[in-house]
> 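Submitted below is the structure of interest, expressed as structure tokens.
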Amino acid sequence: MSGYESVTSHSLEENCQNLSNKKSSSMSEEKKHGAGDSTFNGIKKHRTSLPSPMFSRNDFSIWSILRKCIGMELSKITMPVIFNEPLSFLQRLTEYMEHTYLIHKASSFSSTVDRMQCVAAFAVSAVASQWERTGKPFNPLLGETYELVRDDLGFRLISEQVSHHPPVSAFYAEGLSNDFIFHGSIYPKLKFWGKSVEAEPKGIITLELLKHNEAYTWTNPTCCVHNIIVGKLWIEQYGSVEITNHKTGEKCVLSFKPCGLFGKELHKVEGYIQDKSKKKLCALYGKWTECLYSVDPATFDAYKKNDKKNAEEKKNKQTGSTEEPDEMPLPDSESVHVIPGSSLLWKIAPRPLNSAQMYNFTSFAMTLNELDKEMENIIPITDCRLRPDIKAMENGEIDLASEEKKRLEEKQRAARKNRSKSDEDWKTRWFHQGPNPYNGSQDWLYSGKYWDRNYSDLPDIY
């Protein structure tokens with residue numbers, strides 16, 4: 001178990017560098033595309049801030065737009081650009097890959113429980129970047145794509161907006177040393193409930209560990225942004241996430257706790273890994289904003305029992321309002337109480353010092369829209385780095401961003417109208433619909449050939 005400590009006790013950059021050094025140098029030319037400027041060790045040097053800091057949203061009333069939308073699905077509402085962050089939803093999806101080292105780590109273990117622990121940590125880490133990210137990503141246009149090659153993290157990814165109504169984003173990532181495949185399709189259902197906006201990320205996520213011939217599937221928890229009308233915006237994730245190992249029948253059932261009345265459960269995640277006969281093999285606990293630990297299930301259950309007893313005694317002494325809090329409750333002073341005998345599986349990398357001025361982006365998110373000349377000559381014309389409204393917003397040109405967003409939406413509507421007149425169906429380029437190979441549910445599967453770099457006959461969507 002000490003192996004976990006070594007992964008998480010160093011910075012993300014160190015882990016990435018180690019992975020890069022171990023990686024085979026026989027990578028094909030095709031995989032080297034997008035390397036850009038290099039540092040002395042051959043790893044691309046990424047930017048550490050956006051071209052322009054974010055603007056104040058204080059002068060804008062979201063209520064004037066949302067009061068007509070209670071209970072409606074927000075994907076059908078045109079939102080002003082002021083509530084966006086300068087990334088497409090396809091780029092936001094790519095943030096799943098920030099902690100790719102956990103997949104590499106999972107692949108290195110011989111024990112199925114150790115592998116499941118790493119996969120569970122990866123699933124939790126995938127939503128960690130959403131903490132305090134209250135800006136809305138831009139809705140991708142039909143046919144929009146995004147690619148990311150990260151030699152230092154050991155993966156490459158392609159995503160495509162495969163449907164507009166309903167909005168569906170499909171992605172496919174693979175390890176550069178052929179150790180994993182990670183793919184899925186996400187249909188974010190957004191609803192407005194008076195004080196909050198709820199995002200339910202419908203769709204299946206699949207991780208294949210090729211060395212072990214194993215596949216894991218799960219869905220993400222529901223994300224909720226509170227205080228839409230007045231007060232400080234704050235985010236919580238809640239719901240059950242069930243990760244299934246389709247080869248062994250083992251499952252990891254994680255509960256993302258809703259905040260609760262006094263904020264005691266804010267950001268908490270806990271659950272168990274169990275075998276196919278539902279015997280508990282291991283307990284997991286932590287916070288999706290910070291860290292995840294594993295511990296023996298009997299130890300965890302004893303701790304929980306004692307904690308519940310103490311909480312009830314404390315509650316009996318307290319009196320006060322039973323209404324749901326409007327402001328974000330402050331978490332307990334000791335953020336995560338580490339149970340003796342626990343092992344650390346994952347710890348979040350600290351955000352850059354300028355994060356608050358940069359839409360609360362992580363260091364990883366800061367790099368997603370960077371574009372160098374070499375890359376511009378390689379990527380297809382549908383890549384969201386080339387979207388004029390996102391680029392304008394990133395540069396702090398809000399009026400231009402708003403005009404461009406409106407122009408692109410009108411262009412998309414006109415194209416759809418023309419297709420309906422000619423009975424022409426939209427054809428996706430890199431993905432096709434089909435059953436998920438492991439659980440049979442409807443999915444979008446990668447069709448291949450994106451990295452051949454043959455981008456003829458692509459639609460002019462910008």
> According to the interplanar angle, ranging from 0 to 90°, do the rings of Y455 and Y450 count as parallel (below 30°), tilted (30 to 60°) or perpendicular (above 60°)?
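It falls in the tilted class, 30° to 60°.
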> In a check of side-chain contact (heavy atoms from CB on, under 4.5 Å) between S294 and each of D114, L284, I273, which one passes?
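Checked D114, L284, I273 against S294; only one passes side-chain contact (heavy atoms from CB on, under 4.5 Å): L284.
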> Backbone N or O of H212 within a donor-acceptor pair of the K247 side chain at under 3.5 Å?
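It does hold such a pair.
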> Looking at D457, I'd like to know if its CG atom is crowded, meaning that more than 12 non-hydrogen atoms belonging to other residues, nucleotides or ligands lie closer than 6.0 Å.
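Counting neighbours around CG of D457, 12 or fewer heavy atoms of other residues, nucleotides or ligands fall under 6.0 Å, so no.
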> Going from NZ on K391 to CG on N369, what distance comes out if it is rounded to the nearest 0.5 angstrom?
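Going from the NZ atom of K391 to the CG atom of N369 covers 5.0 Å.
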> So F300 and Y285, would you call those rings parallel, tilted or perpendicular, with 30° and 60° as cut-offs?
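Correct class here is parallel.
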> Within the distance-only criterion (no hydrogens, no angle test), does the side chain of S342 pair as donor or acceptor with the backbone N or O of I339 below 3.5 angstrom?
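Checked: pair present.
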> Regarding E250 and K279, does a basic nitrogen lie under 4.0 Å from an acidic carboxylate oxygen?
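Answer for the salt bridge query: no.
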> Once you measure the plane-to-plane angle for W346 and H99, does it fall in the parallel (<30°), tilted (30-60°) or perpendicular (>60°) bin?
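W346 vs H99 ring planes: perpendicular.
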> Would you call R351 and S363 a side-chain contact if the rule is heavy atoms closer than 4.5 Å?
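R351 does not reach S363 side chain to side chain.
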> If you measure from CD1 on I379 to CG on L148, what distance do you get to the nearest 0.5 Å?
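Here the interatomic distance stands at 11.0 Å.
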> Just do the side-chain contact (heavy atoms from CB on, under 4.5 Å) check on W451 and V149 with the steps written out, would you?
CA-CA 11 Å; W451 302 103; V149 183; 3.6 Å; yes
> Taking atom CD of E376 as the centre, report whether more than 12 heavy atoms of other residues, nucleotides or ligands fall under 6.0 Å from it.
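Atom CD in E376 is crowded, with more than 12 foreign heavy atoms closer than 6.0 Å.
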> For a side-chain contact (heavy atoms from CB on, under 4.5 Å) with Q117, tell me which candidate from C252, S111, C282 qualifies.
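Testing each of C252, S111, C282 against Q117, the sole residue satisfying side-chain contact (heavy atoms from CB on, under 4.5 Å) is C282.
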> Quick one: CH2 on W288 to CZ on F256, what's the gap to the nearest 0.5 Å?
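It is 8.5 Å, given to the nearest 0.5 Å.
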> Salt bridge or not for E270 and K304, using N-O below 4.0 Å?
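Salt bridge between E270 and K304, a charged N being under 4.0 Å from a carboxylate O: yes.
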> Measure the shortest side-chain to side-chain distance between F180 and T100 over non-hydrogen atoms and say whether it is less than 4.5 angstrom.
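In short, these two side chains touch, coming nearer than 4.5 Å.
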> With a 6.0 Å cut-off on ring centres, are F122 and F182 close enough?
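Ring centroids of F122 and F182 are less than 6.0 Å from each other.
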> Using salt bridge (charged side-chain N to carboxylate O under 4.0 Å, His left out), reason through E394 and R47 one step at a time and then give a plain yes or no.
CA-CA 13 Å; E394 191 179 77; R47 69 183 186 185; 2.7 Å; yes
> Please determine whether a side-chain nitrogen of the Lys or Arg among R387 and E144 lies less than 4.0 Å from a carboxylate oxygen of the Asp or Glu.
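Yes, this pair counts.
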> Hey, is K347 close enough to E290 for a salt bridge, meaning N to O under 4.0 Å?
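No salt bridge links K347 with E290.
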> Could you check whether H432 and Y446 have their ring centres less than 6.0 Å apart?
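Centroid distance Y446-H432: not below 6.0 Å, so no.
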> Please say whether the positively charged group of K202, taken as NZ for Lys or CZ for Arg, lies over the ring of Y187, i.e. under 6.0 angstrom from the six-membered ring centre and within 45 degrees of the axis.
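That pair does not qualify as a cation-pi contact.
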> With a 4.5 Å limit on heavy-atom distance, are the side chains of D383 and Y146 in contact?
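The answer is yes, as the side chains (C-beta and beyond) meet within the 4.5 Å cut-off.
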> Might you work through the salt bridge (charged side-chain N to carboxylate O under 4.0 Å, His left out) test for K280 and D301, ending with a clear yes or no?
CA-CA 11 Å; K280 292 175 181 175; D301 289 344; 3.7 Å; yes
> With rounding to the nearest 0.5 angstrom, report the CD to SG distance, E236 to C259.
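These two atoms lie 5.5 Å from each other.
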> Does the side chain of Y172 reach to within under 4.5 Å of the side chain of S185, using non-hydrogen atoms?
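Y172 vs S185: side chains apart.
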> Within a strict 4.5 Å, meaning less than it, do heavy atoms of the T134 and I235 side chains meet?
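With C-beta onward as the side chain, the pair touches.
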> Looking at E85 and K136, does any basic side-chain N land under 4.0 Å from a carboxylate oxygen?
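Salt bridge: no.
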> Between CG of N220 and CD1 of I186, what distance do you get to the nearest 0.5 Å?
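Atom-to-atom, N220:CG and I186:CD1 are 6.0 Å apart.
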> Using 4.0 Å as the upper bound for N to carboxylate O, is an ion pair formed by R429 and E160?
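Here E160 does not pair with R429 in a salt bridge, since their nearest N and O are not under 4.0 Å apart.
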> Test W218 against V119 for side-chain contact (heavy atoms from CB on, under 4.5 Å), laying out the working first.
CA-CA 10 Å; W218 68 91; V119 173; 3.9 Å; yes
> Between S88 and L90 (side chain of the first, backbone of the second, donor and acceptor by atom type, cut-off under 3.5 Å), is there such a pair?
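Judged by distance alone, yes, a pair lies under 3.5 Å.
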> Taking everything shown except K251 itself, do over 12 heavy atoms lie less than 6.0 Å from its NZ?
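No, the 6.0 Å shell around NZ holds no more than 12 heavy atoms from other groups.
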> Whether R156 and E174 form a salt bridge (side-chain N of Lys/Arg under 4.0 Å from carboxylate O of Asp/Glu) is what I want to check.
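Salt bridge present between E174 and R156.
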> For the pair F364 and F155, name the ring-plane relationship: parallel under 30°, tilted 30 to 60°, perpendicular over 60°.
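Tilted, since the angle between the ring planes falls between 30° and 60°.
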> Hey, what do you get for CD (E132) to OG1 (T289), rounding to the nearest 0.5 Å?
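The distance works out to 9.5 Å.
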> Decide yes or no for M116 and N245: does some side-chain heavy atom of the first lie under 4.5 Å from some side-chain heavy atom of the second?
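M116 reaches N245 side chain to side chain.
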> When you compare the side chain of T112 with that of E214, does any pair of heavy atoms fall below 4.5 Å?
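Counting from C-beta outward, E214 and T112 do come under 4.5 Å.
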> Between L87 and F138, is any pair of side-chain heavy atoms under 4.5 Å apart?
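No, every pair of side-chain atoms sits at 4.5 Å or beyond.
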